[in-house]
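Note that ligands are numbered from 1 as they come in the structure, with each ligand's atoms numbered from 1 the same way.
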Amino acid sequence: MCGIVGYIGDRECTPILIEGLRRLEYRGYDSAGVAVLEPDSAGTLATRVVRCRGKLGNLEKLLRDSPPTGRVGMGHTRWATHGRPSDENAHPHKHGSVSVVHNGIIENYLALRASLSARGHKFTSETDTEIIAHLVDDELKAGGGLREAVRRALAQVQGAYAIVVLSDAAPGSIIAAKNASPLVLGVGEGENFVASDVPAILAHTRQMMFLEEGEIAELTRGGIAICDLAGKAIQRIPRTIQWSSVMAEKAGYKHFMLKEIHEQDRAVTDTLRGRVSIEKADALLDGIELAPSEMKKLTLIACGTSWHAALVGKFLIEQIARIPVEVDLASEYRYRDPIIGPGDLLLAISQSGETADTLAAVKEARGKGATVMCIANVVDSSIPRACHHALYTHAGPEIGVASTKAFTTQLAALVLLAIHLGRRSGALDEARAATLIREFMAIPQKMADVFGHSPQIQVIARRYGKARDFLFLGRGNNYPIALEGALKLKEISYIHAEGYAAGEMKHGPIALIDEHMPVVVVCPKGPGYEKVMSNLAEVKARDGKIIAIATRGDSDIGAIADEVILIPDAPAPLLPLLTVLPLQLLAYHIADFKGTDIDQPRNLAKSVTVE
Ligand code: M6R
């Protein structure tokens, strides 16, 4: 998500930091900043922070006339999570002698902020990061040195973080710490580096060490010492990174899309972070409280992949909360003089938050007096700004034009919403909610498990990748997944594909089926399984080739399908989070096999800001 780079050595660090940030700009670009320990006329070091809203270019303009001079510093490019993009929310955050840059989400930041405020602390930003600067500064005053102060401060923090900390009260070192967000340490000669990603420091060293969960590193000019959160020393041997700079940007993956597919377990974890509680049997929506009893009508609108998420959302909300839901394409909705008004809730779903049709639909509904909420990925983009409430997915920047992690995090946000509404409508009792939340929290691990099928899917992709057309079938909440599988294949491989509700096949598309037609069927065990089996018998009787996405342990599917990709089992409402993954990988491997421009397919734009 955010990009981090830090340096300690004998060279002027500002150019090193800016060059490193340039290599990380794809991770975040709503604001940027640096903090450098700069000597004054007497030679005393003081931290100078320069930061501003906007792309890195804005920061470079600010630095042009008087760049900070100094040999210890850190920089940051931000992808907003807590707090909109602004000068005040840009990192580094400084309090007292302590400056911090951070990537991640502090789950208990509201509680920490309240307790710090009660002790007289004043805050200048809306971020969760600023509280870390306050905690570390307090601990530093208590003695023991900067590393110890960071260690004690982190003992109070819950959540995901990769942080780098420096202090003019301890100018001989910089401290880095990691939990659930990546950090890499670069080993140089008389100088050392830290970064969120390899590309930021690859120009300076190939000797690198990756920090593990719950580890803290102290970087000095002469070396790097690592310990755990209990203070126990850890030995780590640097390894030589062989990646080219282009490979490093994609973390070694061939395309951003493949990298983003493999990030989905982490991304969904971030969507859930701090928002579900098994003890309370509830889903919290960042302070948004929805009251189903006061909601006259609930309408979901979106475009493209986000519309497929909305279709799954209808199943989720209707099944879990027993509230009727209408779903519409934003591009249709806005031109229909929709019947909506006070007491109705319109939920817009958009990765970019900039899709022109979705934005116009939001304005139309708001203009007619409805309450308008969105599920979005890009904080403070146009759609969230036009809404009363925004629930962010925290997927991080999505570079590949074909949406992958944006989709699954939208699904996760919709599960949260369904649980929230279900608990308040009375349709979801405490015991069922706790069970569903427990299963929900197990989904990221199951997603990682599905990625293990990539080699098998690659073989299937080669076997069927020359087909002219594909059919995708699914029922219930896996019908939108069939639509999404077909869209992914069309977008990046340029193969014609159609998604259908399996029961609809006999009403027309069955005429297309012959021995040349691969039919991808999403048929996990659960509601509608037997019906899909009957549909598959119809395909088989016409010599169609069946590629099945089925549940592990299904002993019947192998008798009818030509290829079977097995996924872990999960409760029906959560299955789309797993069933879509093989379809993303299938589209990816077919496109890769064909050699198309996967990250920037022809004729498509990442964000469609025109009607
Ligand atoms: O940014 P949005 O979610 O509003 O974008 C909507 C569609 O343009 C988008 O999902 C598009 O269909 C993707 N290319 C799908 O992969």
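- In summary, the atoms of ligand 1 found under 4.0 Å from a heavy atom of K488, numbered by their order in the structure, are 15 (C), 16 (O).
- Against a heavy-atom cut-off of under 4.0 Å, E491 is close to the following atoms of ligand 1: 13 (C), 14 (N), 15 (C), 16 (O).
- A salt bridge does not link D597 with R602: none of the charged nitrogens is closer than 4.0 Å to a carboxylate oxygen.
- Taking every non-hydrogen atom of Q351 and a distance limit under 4.0 Å, the qualifying atoms of ligand 1 come out as 1 (O), 2 (P), 3 (O), 4 (O).
- Below 4.0 Å from some heavy atom of S306 lie the following atoms of ligand 1, by number and element: 2 (P), 3 (O), 10 (O).
- Using a 4.0 Å cut-off between charged side-chain N and carboxylate O, E364 and K368 make a salt bridge.
- A salt bridge is absent between E107 and R275; no separation between the charged side-chain nitrogens and carboxylate oxygens falls under 4.0 Å.
- Protein heavy atom at the shortest distance from atom 9 (C) of ligand 1 is T305 N, 4.1 Å.
- Ligand 1 places these atoms under 4.0 Å from at least one heavy atom of S352: 1 (O), 2 (P), 4 (O).
- In terms of polar-atom proximity, defined here as any N/O pair under 3.5 Å, L487 makes no such contact with ligand 1.
- Counting atoms of ligand 1 from 1 in the listed order, those under 4.0 Å from a heavy atom of A402 are 16 (O).
- In this structure, R424 pairs ionically with E289, as a charged nitrogen and a carboxylate oxygen lie closer than 4.0 Å.
- Each of R336, R334, K314, K297 was evaluated against D328; a single residue qualifies, R336, per the salt bridge (Lys or Arg N to Asp or Glu O under 4.0 Å) test.
- Note: an N/O pair closer than 3.5 Å links T355 and ligand 1 by distance alone.
- Close approach of ligand 1 to S350 is summarised as follows: ligand atoms under 4.0 Å from at least one heavy atom of the residue are 1 (O), 2 (P), 3 (O), 4 (O).
- Side-chain contact, Q584 with Q264: a donor N or O sits under 3.5 Å from an acceptor N or O.
- With values rounded to the nearest 0.5 angstrom, I598 atom CD1 is found 4.5 Å from Y588 atom OH.
- Nearest protein heavy-atom contact of atom 7 (C) of ligand 1 is C303 O, 3.7 Å.
- When non-hydrogen atoms are compared, ligand 1 lies under 4.0 Å from neither the backbone nor the side chain of E354.
- Using a 4.5 Å cut-off on side-chain heavy atoms (C-beta onward), I419 and F440 make contact.
- Atom 8 (O) of ligand 1 has V608 CG2, 4.0 Å as its closest protein atom, hydrogens excluded (heavy atom only).
- Of the polar atoms of T358, none of the N or O atoms is found under 3.5 Å from an N or O of ligand 1, judged by distance alone.
- Residues S306 and Q351 have side chains that never bring a donor and an acceptor to within less than 3.5 angstrom of each other.
- Ion pairing of K446 with D449 is absent here, as no side-chain N (NZ or NE/NH1/NH2) approaches a carboxylate O to less than 4.0 Å.
- Close contacts between ligand 1 and V401 involve ligand atoms 13 (C), 14 (N), 16 (O) [criterion: under 4.0 Å to a heavy atom].
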